[in-house]
Amino acid sequence: SINFDVSFSHEGAFTLGATFSKGKNKIIPYYYISGQSLVNTSFNVPNTYDFVVYTTGGLDIFKWWRANLFNELSNLSVKGVIAGNDLLNNSVLTYRLSGNNQFKLSKSWNVELSGNYRTKMTLGQGYYLPIWRINASLQKKIFEGKGTITLSGADVFHSWKIRRNI
């Protein structure tokens, strides 16, 4: 495979970058109908191309609130002739957003909220549908800051359900 990455960082607070990747013989899921059955197998697709533009940044909004954000816009293309001489030419523009917010309530209490969102993404001959989730945690420092008790919840709205279309 061929990979390129270039990025610019400003004082460690903000980064802008781009990557390009060309792959060969990537293993992807492959589906076909045999009689009355849908068969799921794997196949080596001859060519994949991935172009990504991304940003990362952190900001102290208030003395007690720190926010970090990651954005990514990518275009993944899967191309080639696969089983049975079927032509596969699937390309999708995908956006990803991840954020993390840290709130300092007092010297010993902290709250953290984070989340992820992703639009439709290619899955070989099909697509993963959009998906999102929110995570939360509450922290209490104990023993004069030498220990921490954390109560956390991942995907608190139970929204991280992987769905796909073929």
Side-chain angles (χ1 to χ4, degrees), residues 1-59 66-102 112-137 139 150-166:
S1 74
I2 299 170
N3 299 297
F4 295 101
D5 184 54
V6 62
S7 64
F8 168 79
S9 184
H10 178 69
E11 298 178 358
F14 174 80
T15 301
L16 172 64
T19 64
F20 172 79
S21 177
K22 178 183 178 192
K24 290 198 172 284
N25 295 318
K26 181 177 181 180
I27 298 172
I28 63 166
Y30 179 69
Y31 302 90
Y32 64 93
I33 295 176
S34 177
Q36 295 290 321
S37 300
L38 176 64
V39 179
N40 176 9
T41 187
S42 297
F43 191 81
N44 285 27
V45 68
N47 297 299
T48 60
Y49 305 90
D50 197 8
F51 180 71
V52 179
V53 176
Y54 61 90
T55 63
T56 61
L59 178 65
R66 170 86 180 159
N68 298 293
L69 195 62
F70 173 80
N71 290 279
E72 177 184 283
L73 186 63
S74 64
N75 186 26
L76 176 61
S77 299
V78 181
K79 297 180 181 186
V81 176
I82 53 177
N85 292 324
D86 290 336
L87 180 62
L88 178 60
N89 187 0
N90 194 357
S91 182
V92 172
L93 190 64
T94 301
Y95 175 70
R96 288 183 181 88
L97 172 67
S98 296
N100 180 291
N101 291 279
Q102 299 157 343
E112 186 172 309
L113 291 173
S114 64
N116 308 83
Y117 173 75
R118 188 206 68 228
T119 60
K120 182 169 74 170
M121 183 176 94
T122 187
L123 168 68
Q125 52 185 153
Y127 304 97
Y128 285 117
L129 298 175
I131 197 166
W132 66 277
R133 73 175 160 205
I134 302 291
N135 308 310
S137 70
Q139 296 179 339
T150 303
L151 174 65
S152 63
D155 189 19
V156 295
F157 296 108
H158 305 285
S159 60
W160 195 258
K161 297 182 185 349
I162 296 175
R163 299 170 297 141
R164 58 187 173 193
N165 284 344
I166 301 171

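Side chains included, hydrogens not; waters and symmetry mates left out as well; all remaining heavy atoms used.
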Reported CZ-to-CD1 distance for the pair F4 and I2, which is rounded to 0.5 angstrom: 6.5 Å
Worked verdict on N3 versus T19 for side-chain contact (heavy atoms from CB on, under 4.5 Å): CA-CA 7 Å; N3 299 297; T19 64; over 6 Å; no
Minimum heavy-atom distance V92-K120, with the two atoms named: CG1-O, 3.4 Å
For M121 against T94, the heavy-atom pair lying closest together: CA-OG1, 3.5 Å
Check against side chain to side chain donor-acceptor pair (under 3.5 Å), S98 and N116: CA-CA 4 Å; S98 296; N116 308 83; 3.0 Å; yes
Step-by-step side-chain contact (heavy atoms from CB on, under 4.5 Å) determination, T48 to D50: CA-CA 7 Å; T48 60; D50 197 8; over 6 Å; no
Verdict with reasoning, Y95 to N71, per side-chain contact (heavy atoms from CB on, under 4.5 Å): CA-CA 7 Å; Y95 175 70; N71 290 279; 2.3 Å; yes
Any pair counted as salt bridge (Lys or Arg N to Asp or Glu O under 4.0 Å), so long as it reaches residues 92-102, sequence neighbours left out: E72-R96
Whether N47 side chain and K24 backbone form a donor-acceptor pair below 3.5 Å: no
Distance in Å, S7 OG paired with L16 CG, rounded so as to fall on 0.5 Å steps: 8.5 Å
Spacing of L76 atom CG and S91 atom OG [to the nearest 0.5 Å]: 7.5 Å
Reported OG1-to-CG distance for the pair T56 and L69, which is rounded to 0.5 angstrom: 9.0 Å
Closest contact, heavy atoms only, H158 versus K161: O-NZ, 2.7 Å
Gap between atom OG of S114 and atom CD1 of I134 - 0.5 Å precision: 7.5 Å
Heavy-atom closest contact (F20 atom, Y49 atom, distance): CZ-CD2, 4.3 Å
Nearest non-hydrogen partners of G58 and N68, listed with the distance: CA-OD1, 3.4 Å
Nearest-0.5 Å distance, OH of residue Y54 to OG1 of residue T15: 7.0 Å
Test applied, side chain to side chain donor-acceptor pair (under 3.5 Å); reference residue, Y127; option that passes from N90, N165, T122: N90
Shortest non-hydrogen contact between I27 and S42, atoms and distance: CG2-CB, 3.8 Å
